[in-house]
There are 2 protein chains.
Amino acid sequence: MVGDAVVAGDADIAPIAALMGEPARAAVLMALIDGRALAASTLAAEAGVAASTLSAHLARLVDGGLVSVEASGRNRYFRITRPEVADALEALARLAPCRPIRSLRQGTHAEAIRRARTCYDHLAGRLGVALLDALVAGNVLRVEEDPGGRPDPVLGAGRSQRYVLTKTGKARLGELGVDVETTARRPLTRYCLDWSEQRPHLAGALGNTLLSRFVDLGWVTRGERRVVQVTDAGRTGLARDLGVAAGDWA
Amino acid sequence: MVGDAVVAGDADIAPIAALMGEPARAAVLMALIDGRALAASTLAAEAGVAASTLSAHLARLVDGGLVSVEASGRNRYFRITRPEVADALEALARLAPCRPIRSLRQGTHAEAIRRARTCYDHLAGRLGVALLDALVAGNVLRVEEDPGGRPDPVLGAGRSQRYVLTKTGKARLGELGVDVETTARRPLTRYCLDWSEQRPHLAGALGNTLLSRFVDLGWVTRGERRVVQVTDAGRTGLARDLGVAAGDWA
DNA sequence: GTCACACTTCGGGATTGAGCGAAGTATCCT
DNA sequence: AGGATACTTCGCTCAATCCCGAAGTGTGAC
């Protein structure tokens with residue numbers, strides 16, 4: 001049975017585990033576990049090693065397929081490539097403090113963080129993805145190809161795309177109390193690939209503004225470790241005002 | 001919220017991952033992943049290193065809490081301590097061959113091996129545990145405390161227990177075509193802690209004889225990688241003749 | 001009692017790779 | 001254009017540890 005060739009017993013886990021078994025690299029991976037894309041310098045500070053040292057570590061992580069890079073100007077942003085990597089890291093983390101295991105709560109945490117979390121300063125997880133989908137479906141944002149433009153700082157896939165705010169979108173958000181003009185020197189819209197969903201969610205100034213507004217409206221509350229809870233008001237408000245059906249994320 | 005203190009982001013996975021990241025140790029762990037307890041010499045052959053080298057590796061695995069030891073005469077049997085360890089190993093294994101992922105089939109394999117597998121030469125997994133339960137419930141085996149007796153070679157938990165074949169049990173098994181007298185110089189009954197179930201299943205000569213008979217009867221077939229498939233005949237036969245309800249393991 | 005076997009401990013050799021700083025390349029800002 | 005920033009590459013040092021064979025300890029077999 002050829003199709004069944006790759007099973008647990010076969011695999012050579014040593015190289016992968018060794019990659020995760022070095023303190024600096026482990027620190028990097030745990031910093032990236034929630035799907036953020038972080039710059040090399042940020043990660044160096046997180047790991048507590050020199051930039052040159054971390055550069056070598058990152059090269060090995062990329063070479064091993066655990067982490068992927070996206071260059072943007074003079075920065076290079078690193079993120080975990082696939083959800084399976086995060087799964088393995090979490091399985092190890094569950095094992096690490098040999099005693100204090102609270103598997104039930106951890107199970108709920110793992111699920112909760114995939115459902116709705118913050119990514120930097122905006123929403124991610126199934127809720128983040130559903131939100132972007134709804135904004136596009138509701139003609140608040142329009143997708144544009146952006147072949148000539150420089151790649152989006154916090155990643156864009158192969159081709160670069162842009163999400164532009166429509167006039168109707170601006171009006172709709174205004175009704176919600178979202179002040180779209182407050183865009184300092186930061187791009188209004190960006191997108192960010194979600195590791196748990198493998199699809200983009202909304203980042204950029206608008207992503208941030210929306211999250212803030214949701215918090216102000218009492219629609220969501222920020223829990224521990226980037227988990228985001230959606231209130232009953234949020235559940236109905238998101239569906240009514242933005243077309244984000246609860247079935248798409250809850 | 002104190003109860004939620006231990007979550008993925010905190011843990012220091014580096015020492016654990018480093019333990020798994022050495023080829024010889026990884027080979028040991030993968031050899032033990034199905035819950036067997038293997039002797040040091042067996043593991044040395046498996047890992048392809050000298051006995052002295054492996055001894056040091058095993059000491060570190062035990063020290064790290066991944067593996068536990070049970071001495072028996074001049075042998076020392078090693079096994080994986082907790083199901084979480086096997087989970088982490090499987091998560092890594094799923095990651096190891098970076099390309100050829102067949103997550104669906106792997107998911108089914110992981111499930112299948114927990115449902116019914118071989119352990120040495122007897123049944124393990126949910127089926128193995130259900131079988132032992134049924135044998136005890138049906139008065140085929142009787143549990144006895146065995147405080148004075150030497151610990152069972154292939155582990156026994158803290159205290160040692162014995163499973164003794166009853167007269168009615170001997171008759172019942174005889175009807176099934178199981179020749180109980182064929183016990184050479186091997187203990188008739190032993191038990192073996194199942195990592196996926198954390199409960200004992202039947203090992204020893206009787207465990208082996210039963211598996212052989214099940215195969216002869218066409219009740220079970222041995223698949224790849226220690227997975228055991230139960231046929232329709234086996235499903236009904238196990239329930240009818242031994243009281244092993246399908247709901248307890250399927 | 002003696003031998004055989006299983007495993008551990010010890011000592012020494014060789015390899016790996018983690019670490020840093022300095023220099024090099026590319027990009028952004030003014 | 002010039003300088004600052006972000007990151008990589010290079011050269012080097014140093015510590016960790018992986019490995020083995022030989023000797024030591026304890027158990028089972030005859």
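Reminder, nothing fancy here: chain letters follow the sequence lines and each chain counts from 1. Atoms considered below: every heavy atom in the structure, side chains included; atoms not considered: hydrogens, waters and symmetry mates.
The closest side-chain heavy-atom distance from B:Leu211 to B:Val215 is below 4.5 Å.
Counting to the nearest Å, the P atom of C:dG17 and the CD atom of B:Glu22 are 11 Å from each other. The distance between atom CZ of B:Arg76 and atom P of C:dC7, rounded to the nearest whole Å, is 9 Å. Whole-Å rounding puts the B:Leu38 CG to C:dC7 C1' distance at 16 Å. With rounding to whole Å, B:Tyr77 atom OH is found 8 Å from C:dC7 atom P.
Contacts of residues 44-63 of chain A with DNA chain D (heavy atom under 4.0 Å): A:Ala51, A:Ser52, A:Ser55.
To the nearest 0.5 Å, the span separating NE2 on B:His122 from CG on B:Leu206 amounts to 11.0 Å. Between the NE2 atom in A:His57 and the OG1 atom in A:Thr53 there is a gap of 6.0 Å [rounded to 0.5 Å]. The line from CD1 of B:Ile13 to CG of A:Leu95 is 10.5 Å long, rounded to the nearest 0.5 Å. To the nearest 0.5 Å, the span separating CZ on A:Arg117 from NE2 on A:His201 amounts to 7.0 Å.
Taking only side-chain atoms of A:Asn75, from C-beta outward, the nucleotide of D:dT8, D:dA6, D:dC19 with the closest atom is D:dA6. Picking from C:dC7, D:dA4, C:dA18 the nucleotide with the shortest atom distance to the side chain of A:Arg74 gives D:dA4.
Salt bridge absent: A:Arg94 and A:Asp87 never bring a charged side-chain N and a carboxylate O closer than 4.0 Å.
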